[in-house]
Participant: 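Before we start, here is the structure in question, set down as C-alpha cells.
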Amino acid sequence: MRYSEMFLPTTKETPSDAEIASHQLMLRAGMIRKLAGGIYSYLPLGYRVIRKVENIVREEMNRAGAQEVLLPAVQPAELWMESGRWNMYGKELLRVRDRHNRDYCIGPTHEEVITALVRDEIQTYRQLPRNLYQIQTKFRDEIRPRFGIMRSREFGMKDAYSFDATEEGAEESYRKMFDAYNRIFTRCGLHFRPVEADSGNIGGSFSHEFMVTADSGEDAMVHCTSCQYAANLEKAECPRPKEGASQGAECLPLEEVHTPDVRTIEEVCAYLDVAPRDVVKTMIFMCDAKPVAVLVRGDEEINEAKLKNYLGCDSLELSMDDTILEVTGSPRGFAGPIGIKCRIIADHSLNGMENFVVGGNREDYHIKNCNSTRDFGTSEYADLRVIREGDMCPRCGGEISIVRGIEVGHVFKLGTKYSKAMNATFLDRDGKEKHMIMGCYGIGISRTVAACIEQSHDGDGIIWPMSIAPFHVIITPVNMKDEQISRAAEEMYERFVADGIEVILDDRDERAGVKFKDADLIGVPLRVTVGSRGLADGTVEVKFRQSGKVDKIPISTASDFVTGAITDV
RNA sequence: CGGGGCGUAGCGCAGCCUGGCAGCGCGCCUGCUUUGGGAGCAGGAUGUCGCAGGUUCGAAUCCUGCCGCCCCGACCA
C-alpha cells in the first residue's frame, strides 16, 4: 500500500484517557478509535492484525479437526430460559426487545445456540464427536470496561464447542484444544502459560486458562519455581500443614480483654501488641441464605472461590451487619468462634495453632489464648485461603511465585451441564439415550492483539512479531523530491508487491524523521531505507524493528533478503 | 452501585477560584526555504466552552439538574 493513500491516522501525543501501553499505542498507531464506553472501531491497520490472528486461529482449529460455523449474534430469550441463564446471567447480558415485544439478548457466548443446533441435528453416537467453532463479535455489558480493548464490552472472540459420546472422548477433545491453543499462542509470538483454573462444581483439572505474562494484566497467576505446577489465584491450592502440627506449647487460660473500638486485624495487633499470624479472623458468610463462620489466620485472606466450591452452594456473600449481630451477638468487628451460633469452618493453617487471639462476640472485647479443640471444638478444616508468594508448592514443595497475566484463552470441560438442561441427547451403541458430553473453548481475539502489544513494545512504539504484523516491510524513501530516490523506492515497491511481500511504501512528502517515527510507532518488523547515501553504491538499508540491527543490502537482492527475513521467523 | 477526577478547536491542555473580546502547543490549509530520527519563516482556517435550566446588565467562569468519559472499589456462569 502507498502510505499517502492509507487511512492511518497516527498521533504524536498520547490520548489522556488511555492508561496502559497497548491502549495508548493502538490509539496512537491508528489501529482503533473509541465509539462509546467499551466499544471500539477497528481501523485498517488494527483490523489487519485482527485478521492475522484470526487466520492463525482458523488454521490451528481446522488442523485440530474443528469446523467453522457462524451463529446468530441476536438470540431469543426462550433459549436462555431453557438453560436457566436468562435469570442467572445478570446484568452482563444485554437484553433487547423487538417490535413484537419479544425478548432477545445480544450473545455474550453461544452455549445455548450451539446446543440447540446440535441436539436437533445429531441423533446417534455415529455422528460424534463433533467440534464446531466460530469467530464472532460478542457483547458483554461489563460493569466497568477498561484498558481499551483489553476489557471491552464488544469484542472479538473465537468460541468452540465439542460434543462427545464418552468421557474418554471428551477428554481427548479437550486435549486437542489444549494442544491447539499452545500452537496458536506460540505462533502469535506470545510468552504465555496455561494455568489450572477453577472449574466450579465439575471438579478435576478440566479447565485451563491461557495467560500471557504482563505486569499490566488483571489476573494473578501462580506458578511453582521448581515444577510445572501453574494455576490461577482462585484455583491455586495451598499446601496442607501436617495434621495437628502443634508446637507443643501449653494451652493458656482464656482471657477476655477490653478492646474499645478495635476492629480490624491491624488495630487488634497494634492494641494487643501481637503479630497478625497470632490472630484469627472470623468472617460470617451467607451461603445460600445460611450463615457460616469462616476462620482464617490474621495474615491470610479467604479465597471465596475455594470456599464456594467447598460448600457447594449457589450463592455466597459476606453477611450484612444484622446477620452478624444475630449470629455473634455483637456488631461487626468483634466476631469470634467461641459460642457462635452457626457452622464453623477453619482454614488448614489453623490446625495446630495455639493461644491465638479471636473476637469476643461482644462489643469492644477480644479473647486471648484461644485453642480450637478446647474452646470451640471445630474439626472442620479445609483449604480456604488465598495462596501467597513464597508459599510451598502443593505438588512438589518448591517455592510459589505469583506474577500478573492477561487471560487470552480458556478451555473448559462442560460435561453435561447444558446438554441436560437443554436435553441434547444421542442414541448410544447400546441403544440407550444419553446426554452429550460437552466442552467449550474460547480465545479473545482482540484481547490477544492487545496482550501482544503489552508484551512487545518500546518507547518508540509497537514491535510486531512477523506472524501477526499488519505489514512485513515499510519502504522509507528519505526524500521524495529527489528523483533518483523516489524512482528507486517505487521500483523496489513494485518488485516487493510482485514477490508477494506485504509492504507499505511511505511515499508521503514528509521529512525522514517523521517517516522513521511513524514506522517505529506502527511497529512494522522490517524497514527499508532508500537514501542517497546507499544509492551511491547501489544499496539500501534494512533495519529490523525488534533488534535494531541494520544491514546494507544491494538493491538487486533486496527482495530476496526481505523474503528470507520474513520466512526466517 | 459507592468514592475520586474530568468534559473548552481534530489531539494535548490553559482560562473558572475573583463573571467582562475564547486562548496556547501540536495537527490542518497556502507559499517560500529545508530534507537520514517528529524542520524554519510568513500567512490562514477551525468552537453548541458536554446538555438543560437558573442567578446576573453580562456566564466557559456562580447555582441546580442531567448526560458522557477516566481511575479506584464492589461485582464478574
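Throughout, a chain's letter reflects where its sequence line sits, starting with A, and its residues are numbered from 1. Below, each value reflects all heavy atoms present in this structure, side chains not excepted, and no hydrogens, waters or symmetry copies. Quantities reported herein were computed from a predicted structural model and do not represent experimental measurements.
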Participant: Would a distance-only check, ignoring hydrogens and angles, find a side-chain to backbone donor-acceptor pair under 3.5 Å from A:Glu267 to A:Arg263?
Facilitator: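 Pair found, side chain donor or acceptor close to backbone of A:Arg263.
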Participant: Got A:Ser446 and A:Tyr40 here, is their nearest side-chain heavy-atom distance under 4.5 Å?
Facilitator: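 No - every pair of side-chain heavy atoms lies 4.5 Å or more apart.
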Participant: Starting at atom CD1 of A:Ile143, determine the distance to atom P of B:rC69, rounded to an integer number of angstrom.
Facilitator: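 These atoms are roughly 15 Å apart.
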Participant: Of all the choices, B:rU34, B:rA77, B:rC71, which nucleotide is nearest to the side chain of A:Lys481 once you look at every atom?
Facilitator: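 Nucleotide nearest to A:Lys481's side chain: B:rU34.
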Participant: Would you mind classifying the nucleic acid contact of A:Glu541 as base, sugar-phosphate or nothing, using non-hydrogen atoms under 4.0 angstrom?
Facilitator: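 Counting heavy atoms under 4.0 Å across all strands, the contact made by A:Glu541 includes a base.
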Participant: Of all the choices, B:rC11, B:rC75, B:rG36, which nucleotide is nearest to the side chain of A:Glu13 once you look at every atom?
Facilitator: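 So the nucleotide nearest the side chain must be B:rC11.
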Participant: Can you tell me the base-pairing partner of B:rU46? Count Watson-Crick or G-U wobble geometry only, both distances below 3.5 Å, and say none if there is no partner.
Facilitator: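 Result: none.
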Participant: Provide the Watson-Crick or G-U wobble partner of B:rG25, both distances under 3.5 Å; none if there is no partner.
Facilitator: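 Pair assignment: B:rG25 / B:rC11.
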Participant: Base, sugar-phosphate or nothing for A:Gly37? Non-hydrogen atoms, less than 4.0 Å.
Facilitator: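 The residue A:Gly37 makes sugar-phosphate contact but no base contact.
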Participant: Pick the C1' atom in B:rG40 and in B:rU34, then give their distance to the nearest Å.
Facilitator: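 The answer is 7 Å between these two C1' atoms.
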Participant: Return the nucleotide paired to B:rC6: Watson-Crick means purine N1 to pyrimidine N3 with N6-O4 or O6-N4, wobble means G-U with N1-O2 and O6-N3, both under 3.5 Å.
Facilitator: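 WC or wobble partner is B:rG68.
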Participant: Run A:Leu318 and A:Ile284 through side-chain contact (heavy atoms from CB on, under 4.5 Å) and show every step you take.
Facilitator: CA-CA 6 Å; A:Leu318 273 171; A:Ile284 314 296; over 6 Å; no
Participant: Could you check whether A:Thr476 and A:Asp506, counting side-chain N and O atoms only, form a donor-acceptor pair closer than 3.5 Å?
Facilitator: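 Per modelled atom types, A:Asp506 and A:Thr476 side chains form no pair under 3.5 Å.
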Participant: Mark yes or no for a side-chain to base donor-acceptor pair under 3.5 Å between A:Asp520 and B:rG37, with no hydrogen or angle criteria applied.
Facilitator: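 Present.
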Participant: Taking a pair as Watson-Crick or G-U wobble with both distances under 3.5 Å, which nucleotide is matched to B:rA39?
Facilitator: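 Across any shown strand, B:rA39 pairs with B:rU33.
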Participant: Please tell me which of the listed nucleotides, B:rC13, B:rA39, B:rC70, lies nearest to the side chain of A:Asp17?
Facilitator: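 Shortest atom-to-atom distance from the side chain points to B:rC70.
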Participant: Please enumerate all protein N or O atoms sitting under 3.5 Å from an N or O of nucleotides 41-45 of chain B, with distances to 0.1 Å.
Facilitator:
none

Participant: Rounded to whole Å, please give me the gap between CD in A:Glu142 and P in B:rC70.
Facilitator: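 Those two atoms, CD and P, are 13 Å apart.
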Participant: Per the salt bridge (charged side-chain N to carboxylate O under 4.0 Å, His left out) rule, which among A:Lys281, A:Lys306, A:Arg388 passes with A:Glu301?
Facilitator: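 Of A:Lys281, A:Lys306, A:Arg388, salt bridge (charged side-chain N to carboxylate O under 4.0 Å, His left out) with A:Glu301 is met by A:Lys281 alone.
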Participant: Measure from CG on A:Asn303 to P on B:rC76 and round the result to the nearest Å.
Facilitator: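 Rounded to the whole Å, the gap is 13 Å.
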Participant: Taking the same atom, C1', in B:rG20 and in B:rA59, what whole-Å distance lies between them?
Facilitator: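 Rounded to whole Å, the distance is 10 Å.
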Participant: Given B:rC70, B:rA39, B:rA77, which nucleotide is nearest the side-chain atoms of A:Arg511?
Facilitator: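 Closest of the options to the side chain of A:Arg511: B:rA39.
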Participant: Roughly how far apart, to the nearest Å, are B:rG58 and B:rU46 at atom C1'?
Facilitator: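 Approximately 27 Å lies between the C1' atom of B:rG58 and that of B:rU46.
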Participant: Report yes or no: is there a donor-acceptor pair, N or O only, under 3.5 Å between the side chain of A:Asp518 and the base of B:rG38?
Facilitator: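 Result: at least one qualifying N/O pair found.
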Participant: What's the gap between B:rA9 and B:rG25 when it is taken at their C1' atoms, as a whole Å value?
Facilitator: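 Roughly 12 Å separates the two C1' atoms.
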Participant: Pick base, sugar-phosphate or nothing for A:Tyr418, based on heavy-atom distances below 4.0 Å to the nucleic acid.
Facilitator: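 The answer is nothing, as A:Tyr418 stays clear of every strand by at least 4.0 Å.
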Participant: Side-chain N or O of A:Ser16 less than 4.0 angstrom from OP1 or OP2 on B:rG12?
Facilitator: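 Yes, because at least one side-chain N or O of A:Ser16 sits under 4.0 Å from OP1 or OP2 of B:rG12.
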Participant: I'd like to know if A:Arg33 reaches the base of B:rG10 with its side chain, counting only an N/O donor and acceptor under 3.5 Å.
Facilitator: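 No such pair is found, so the answer is no.
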Participant: Using the P atom as the reference point in each nucleotide, state the distance between B:rG27 and B:rC11 in Å, no decimals.
Facilitator: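 Rounded to whole Å, the distance is 15 Å.
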Participant: Got a donor-acceptor pair under 3.5 Å from the side chain of A:Lys543 to the base of B:rG36?
Facilitator: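 Answer is no: no donor-acceptor pair is held.
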Participant: Given A:Leu25, which partner from the list A:Ile453, A:Ile522, A:Thr14, A:Ile20 fulfils the side chain to side chain contact (heavy atoms under 4.5 Å, CB included) test?
Facilitator: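 Passing option: A:Ile453.
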Participant: May I ask you to evaluate whether A:Arg144 reaches the phosphate of B:rC71, defined as a side-chain N or O under 4.0 Å from OP1 or OP2?
Facilitator: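 For B:rC71, OP1 or OP2 has a side-chain N or O of A:Arg144 closer than 4.0 Å.
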Participant: Output yes when a side-chain donor or acceptor of A:Ser456 lies under 3.5 Å from a complementary backbone atom of A:Ile463, and no otherwise.
Facilitator: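 At least one qualifying donor-acceptor pair exists.
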Participant: Could you label the plane-to-plane angle of the A:Tyr181 and A:Phe185 rings as parallel, tilted or perpendicular, counting under 30° as parallel and over 60° as perpendicular?
Facilitator: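 Judged by the thresholds at 30° and 60°, the geometry between A:Tyr181 and A:Phe185 is perpendicular.
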Participant: Within this structure, what is the CD-to-P distance between A:Glu483 and B:rU35, rounded to whole angstrom?
Facilitator: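 About 17 Å, once rounded to whole Å.
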Participant: When you match A:Leu535 and A:Met88 each to their closest nucleotide on RNA chain B, which lands nearer the 5' end?
Facilitator: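 Upstream on the strand: A:Leu535.
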Participant: Side chain of A:Thr539, backbone of A:Pro554: donor and acceptor closer than 3.5 Å?
Facilitator: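 Here the side-chain-to-backbone pair does not exist.
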Participant: Using whole Å, what does the distance between atom C1' of nucleotide B:rC70 and atom CD1 of A:Ile39 come to?
Facilitator: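 Atom-to-atom, A:Ile39 to B:rC70, this comes out as 16 Å.
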Participant: Here's a test of your reading of the structure: between A:Arg146 and A:Val514, which maps to the more 5' nucleotide of RNA chain B?
Facilitator: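 Nearer the 5' end of the strand: A:Val514.
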Participant: Give me the one residue out of A:Leu71, A:Asp159, A:Val69 that meets side chain to side chain contact (heavy atoms under 4.5 Å, CB included) with A:Leu132.
Facilitator: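 It is A:Val69, the one option of A:Leu71, A:Asp159, A:Val69 that forms the side chain to side chain contact (heavy atoms under 4.5 Å, CB included) with A:Leu132.
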Participant: Please report the distance, rounded to the nearest Å, between CE in A:Met150 and C1' in B:rC70.
Facilitator: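 Rounded to whole Å, this separation is 17 Å.
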Participant: Can you tell me how far C1' in B:rG15 sits from the matching atom in B:rC6, rounded to whole Å?
Facilitator: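 So the two C1' atoms sit 16 Å from each other.
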Participant: What interatomic distance, in whole Å, is found between C1' of B:rC72 and the corresponding atom of B:rU64?
Facilitator: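 These two C1' atoms come out 28 Å apart once rounded.
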Participant: Mind listing the closest non-hydrogen atom pair of A:Glu19 and A:Gln24 along with its distance?
Facilitator: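 Nearest heavy atoms, A:Glu19 then A:Gln24: O-NE2, 3.5 Å.
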Participant: Verify the contact: side-chain N or O of A:Lys34 to OP1 or OP2 of B:rC70, cut-off strictly under 4.0 Å; return yes or no.
Facilitator: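 Looking at the OP1 and OP2 atoms of B:rC70, one of them is under 4.0 Å from a side-chain N or O of A:Lys34.
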Participant: Counting heavy atoms from C-beta on, name the nucleotide in B:rG36, B:rG37, B:rA39 closest to the side chain of A:Ala512.
Facilitator: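 Side chain of A:Ala512 sits closest to B:rG36.
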Participant: Got a donor-acceptor contact below 3.5 angstrom from the A:Arg404 side chain to the A:Glu218 backbone?
Facilitator: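 Side chain of A:Arg404 to backbone of A:Glu218, a donor-acceptor pair under 3.5 Å: yes, one is there.
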Participant: Can you find a heavy atom in the side chain of A:Met221 that is under 4.5 Å from one in the side chain of A:Leu233?
Facilitator: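 With C-beta onward as the side chain, the pair stays apart.
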Participant: Between the base of B:rG38 and the side chain of A:Arg28, is there a donor and acceptor pair under 3.5 angstrom?
Facilitator: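 Such a pair is found, so the answer is yes.
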Participant: Distance to the ring centre below 6.0 angstrom and angle to the axis at most 45 degrees; does that hold for A:Arg95 and A:Trp80?
Facilitator: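 The answer is no; the distance or angle limit is not met.
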Participant: Dump every N/O contact between nucleotides 27-32 of chain B and the protein below 3.5 Å, one line per pair.
Facilitator:
none

Participant: Please give the nucleotide sitting opposite B:rC1 as a Watson-Crick or G-U wobble pair, both distances under 3.5 Å, or none.
Facilitator: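 Across all strands, the one nucleotide that pairs with B:rC1 is B:rG73.
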Participant: Atom CD of A:Glu92 and atom P of B:rC1: how far apart are they, to the nearest Å?
Facilitator: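 Going from CD in A:Glu92 over to P in B:rC1 covers 16 Å.
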Participant: Given the P atoms of B:rA52 and B:rU61, what is the spacing between them in whole Å?
Facilitator: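 Taking atom P in both B:rA52 and B:rU61, they lie 12 Å apart.
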Participant: Just how far, in rounded Å, is P of B:rC70 from CG of A:Leu27?
Facilitator: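 Taking CG of A:Leu27 and P of B:rC70, I get 11 Å after rounding.
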Participant: Once you apply a heavy-atom cut-off of 4.0 Å, does A:Thr529 come out as touching a base, just sugar-phosphate, or nothing?
Facilitator: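 Base contact - A:Thr529 has a heavy atom under 4.0 Å of at least one base atom.
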Participant: Sort out the partner of B:rC57 for me: Watson-Crick or G-U wobble, both distances under 3.5 Å, none otherwise.
Facilitator: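 Matched B:rC57 with B:rG20 under the 3.5 Å cut-off.
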